[in-house]
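Worth saying up front: this structure is predicted, and the values here are computed from it rather than measured. Just so it is clear: chains get the letters A, B, ... in the order the sequence lines come, proteins before strands, and each one is counted from 1.
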Amino acid sequence: MSGTSPRPALPQGGRESLEGPDARGRFGAYGGRFIPETLTAAVEELTAAFETAQGDAAFRQEFDQLSKSFSGRPTPVYRADRLTQAAGGAQVWLKREDLCHTGAHKINNALGQVLLARRMGKQRVIAETGAGQHGVAVATVCAKFGLQCEVYMGVEDMARQAMNVYKMRLLGATVRPVQSGSQTLKDATNEAIRDWVTNVRATHYVIGSAVGPHPYPLMVREFQSVIGREARAQMLEETGHLPNVVVACVGGGSNAIGIFAPFYDDNVRLVGVEAAGRGLESGAHAASITGGRPGVLHGSFSYLLQDADGQVVATHSVSAGLDYPGVGPEHAYLHDTHRADYVSVTDQEALDAFHQTSRLEGIIPALESSHALAYTMQLAGKLPAEELVLVNLSGRGDKDLDIVRASSE
Amino acid sequence: MVTRLSATFARLRRNHRLALIPYLTVGYPSRDATPTLVQAAAESGADAIELGIPFSDPLADGPTIQAASQVALKSGVTVAGALEAAAAARTRVDLPLLFMTYLNPILSYGLDRFCRDAHDAGVDGLIVPDLPATESAALRGAADTVGMDVVFFVAPTSNEAGIDAACRAATGFIYCIAVTGVTGARAELEASVIPLIHKVRRHTKLPAVVGFGISRPQHLAALQGEADGVIVASALLDAIARAPQDAEDAVRRFLTRLRPSS
């Protein structure tokens with residue numbers, strides 16, 4: 001582009017604060033607050049504290065400042081030339097959340113919520129974790145502020161993400177093994193909620209995804225939407241255009257909601273990629289929207305993988321961070337209103353994209369993000385060369401090396 | 001309207017007697033055990049019985065009810081199976097029966113259909129621990145259609161607005177949570193439950209029933225004259241777990257030790 005010709009006026013968008021949910025925490029029919037009464041007052045206190053903080057310039061300034069100096073924001077967008085060439089169609093761009101401190105987007109929400117916990121005077125912070133990225137992020141911010149931190153993690157996930165368990169312990173957190181149920185993220189969340197019910201007066205529960213009772217889905221979206229605000233401005237800056245498509249993986253859906261939300265008002269297609277595991281027809285998957293039906297789990301009404309009797313079923317994904325039977329209520333709403341499309345890719349497709357991205361771009365992606373990459377490569381090949389596909393590369397793959405190595409042996 | 005629950009509490013109040021409400025997980029310790037255990041409880045001093053429909057993710061429950069729920073689910077207990085068990089129990093006893101379950105199984109079954117079928121099975125009330133009063137309009141409507149009571153909770157952490165919402169939405173009784181925590185037998189009864197009962201009294205004339213942690217005769221003695229009843233769940237299931245081959249005897253012995261006078 002010539003330096004002298006003025007750019008055409010482009011929509012600014014990327015609002016600081018987005019619409020919805022309503023006062024009851026509903027995105028259409030989804031969301032709400034389905035919690036034991038013991039937690040009601042704490043959740044109301046959190047809602048009030050969050051609303052006050054949102055309106056407080058000092059809070060936002062502290063969040064922005066630490067996002068920059070501690071988390072390493074802004075993260076760049078990157079034109080992936082060799083992936084583009086391999087796909088043979090649209091340009092593939094990556095939003096590099098893998099470059100965040102601790103290696104994933106999870107730090108954005110951990111930072112926001114721990115700052116909020118400090119404002120509320122809570123000395124103890126608990127969290128659930130699946131892949132361990134959220135647990136590491138919360139442990140990291142708690143270390144920085146000297147807060148007591150306990151992280152619930154299923155024993156199956158502790159085995160497959162052993163390095164992150166060690167990291168959390170290095171950071172001074174206590175990792176609480178969860179033996180119940182499928183011993184993964186769902187059960188870790190159950191145990192974290194039980195801890196919170198017991199210690200609610202002095203404890204803040206940092207939910208890591210866009211799930212849970214109101215105000216969590218809203219709060220997580222607000223802290224994560226820095227991803228989309230940056231990406232939107234960066235794409236305009238770098239290409240002069242908004243992307244035609246934005247793609248992100250969806251487990252609970254925090255990285256996806258974070259990159260989607262600032263594009264709601266734009267003519268941009270949004271695609272969430274769920275984990276099809278061994279295939280949707282196998283039953284061994286974690287694709288809540290494409291394979292489930294609405295129900296209530298962990299405090300909100302949304303799509304849920306459940307049997308005919310309303311029991312939550314065991315899920316499977318090669319990616320621990322996507323191995324969860326529920327999904328954030330705003331995604332359920334975006335699905336039903338057709339503002340976003342939800343698709344799924346299998347373990348094997350994700351693993352292939354993991355290897356392809358490593359070899360072609362010199363970037364080792366998280367297995368979660370590899371789901372978004374796999375779909376992007378399929379999609380980009382069908383689109384014309386002038387179109388732009390932006391993928392949220394939500395995390396780096398160091399934590400997944402053992403799994404990938406085992407899968408290729 | 002006079003219901004089995006309201007008539008039971010009226011009679012107990014006249015006799016200055018604390019309602020003893022044991023909880024049994026449907027299908028625990030074995031799939032078909034429930035009707036027999038209901039009868040054993042009724043013959044051992046129970047004034048009403050809570051029947052738990054097992055759910056895969058009981059997030060208000062401690063290890064005892066989690067384990068019982070898993071055993072029941074593995075044995076194949078479904079919502080339909082729980083309705084059958086309640087109907088079978090109803091042929092043996094006349095005291096009030098309540099279902100306790102999480103929202104998702106009954107949402108999946110259909111709220112209207114569930115309330116109708118539960119009513120037809122002879123069930124008098126519902127307790128749903130992950131359904132606060134503020135989210136309860138749909139279930140409340142479905143229950144009202146068939147004259148089913150719906151019980152709501154107050155907790156040590158509840159604020160006045162929460163207590164008011166629970167007392168307005170509830171029928172049957174108010175469930176006063178004795179501990180800040182999940183279900184499970186406790187050695188001591190927290191003193192804070194007494195002022196919680198007093199707060200409830202300022203909002204409603206409905207009976208105040210205390211649950212979570214109740215396990216010993218001393219707990220009942222401490223609540224005599226303050227509460228209208230107690231719910232005993234985990235301690236009873238623990239007793240069954242110690243003697244699963246003779247669960248009926250375990251229920252009888254536990255309840256008669258808990259309240260020797262009855």
Side-chain angles (χ1 to χ4, degrees), chain A residues 23-26 29 31-45 178-182 186-203 212-214 292-302 304-314 325-326, chain B residues 53-63 66-67 69-70 73 76-82 101-110 114 128-138 152-163 165-166 174-177 179-184 212:
Chain A
R24 294 166 60 230
R26 296 288 188 139
R33 198 178 261 170
F34 297 92
I35 51 173
E37 171 60 23
T38 303
L39 296 178
T40 296
V43 168
E44 288 172 356
E45 178 199 7
V178 176
Q179 308 272 0
S180 57
S182 58
K186 170 192 79 130
D187 309 283
T189 306
N190 289 342
E191 281 307 315
I193 291 173
R194 290 179 186 123
D195 179 312
W196 199 30
V197 168
T198 307
N199 302 295
V200 59
R201 289 187 177 88
T203 299
H214 178 64
R293 63 191 168 91
V296 168
L297 180 69
H298 297 152
S300 67
F301 180 60
S302 186
L304 178 64
L305 291 169
Q306 53 184 317
D307 69 13
D309 211 42
Q311 305 293 339
V312 182
V313 297
Chain B
I53 303 176
F55 178 51
S56 53
D57 295 86
L59 49 79
D61 286 306
Q66 288 176 46
S69 302
Q70 282 303 314
L73 287 172
V77 173
T78 59
V79 173
T101 192
Y102 289 82
L103 184 57
N104 202 56
I106 61 176
L107 206 55
S108 173
Y109 192 88
F114 178 76
V128 186
D130 60 346
L131 184 70
T134 47
E135 297 279 5
S136 68
F152 290 96
F153 291 82
V154 297
T157 50
S158 294
N159 53 31
E160 282 295 322
I163 293 172
I174 305 296
Y175 195 134
C176 303
I177 301 176
V179 300
T180 304
V182 295
T183 61
F212 283 42

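Within the 4.5 angstrom heavy-atom criterion, only backbone atoms of B:Pro129 (N, CA, C, O) approach chain A. Neither the backbone nor the side chain of B:Gln70 comes within less than 4.5 Å of any heavy atom of chain A. At a 4.5 Å heavy-atom cutoff, the contact between A:Ser180 and chain B is made by side-chain atoms alone. Only the backbone of B:Pro54 comes within less than 4.5 Å of a heavy atom in chain A; its side chain stays farther off. With a threshold of 4.5 angstrom between heavy atoms, A:Ala308 approaches chain B through N, CA, C or O but not through any side-chain atom. Interface residue B:Phe55: backbone and side-chain heavy atoms are both found under 4.5 Å from chain A. If you measure heavy-atom distances from B:Val154 to chain A, the contacts under 4.5 Å come from the backbone alone.
Using a distance-only test at 3.5 Å, with no hydrogens or angles considered, no donor-acceptor pair links the side chain of A:Arg24 to the main chain of B:Glu135. In this structure, B:Asn104 contributes its side chain and A:Val296 its backbone to a donor-acceptor pair below 3.5 Å.
From A:Gln306, atom CD reaches atom CG of B:Leu107 across 8.0 Å, with rounding to the nearest 0.5 Å. Taken from CD1 in B:Ile163 to OG1 in A:Thr40, the straight-line distance is 11.0 Å, to the nearest 0.5 Å. If you take CD1 on A:Ile35 and OG1 on B:Thr134, they are separated by 7.5 Å, rounding to the nearest 0.5 Å. To the nearest 0.5 Å, atom CG of residue B:Asp61 and atom CZ of residue A:Arg194 are 7.0 Å apart.
Interface summary for chain B: among A:Asp187, A:Leu39, A:Thr189, A:Thr198, the most heavy-atom pairs under 4.5 angstrom belong to A:Thr198. Heavy-atom pairs under 4.5 Å with chain B were tallied for A:Gly295, A:Gly299, A:Ala42; the largest tally goes to A:Gly295. The choice from A:Val197, A:Val313, A:Asp195 that makes the most heavy-atom pairs within less than 4.5 Å of chain B is A:Val197. When each of A:Val312, A:Asp307, A:Leu304 is checked for heavy-atom pairs under 4.5 Å with chain B, A:Val312 comes out on top.
A side-chain contact (heavy atoms from CB on, under 4.5 Å) with A:Thr38 holds for exactly one of B:Thr180, B:Val179, B:Val182; it is B:Thr180. Considering B:Val77, B:Val79, B:Leu73 as possible partners of A:Asp309, the one that fulfils the side-chain contact (heavy atoms from CB on, under 4.5 Å) test is B:Val79.
Heavy-atom minimum distance, B:Asn159 versus A:Glu44: ND2-OE1, 2.9 Å. Between B:Leu59 and A:His298 the shortest heavy-atom distance is CD2-CD2, 4.0 Å.
In this model, a donor atom of one side chain and an acceptor atom of the other lie less than 3.5 Å apart for A:Arg293 and B:Ser108.
A:Arg33 pairs by the salt bridge (Lys or Arg N to Asp or Glu O under 4.0 Å) definition with nothing, not counting sequence neighbours. A:Glu37 meets the salt bridge (Lys or Arg N to Asp or Glu O under 4.0 Å) test with no other residue; sequence neighbours excluded.
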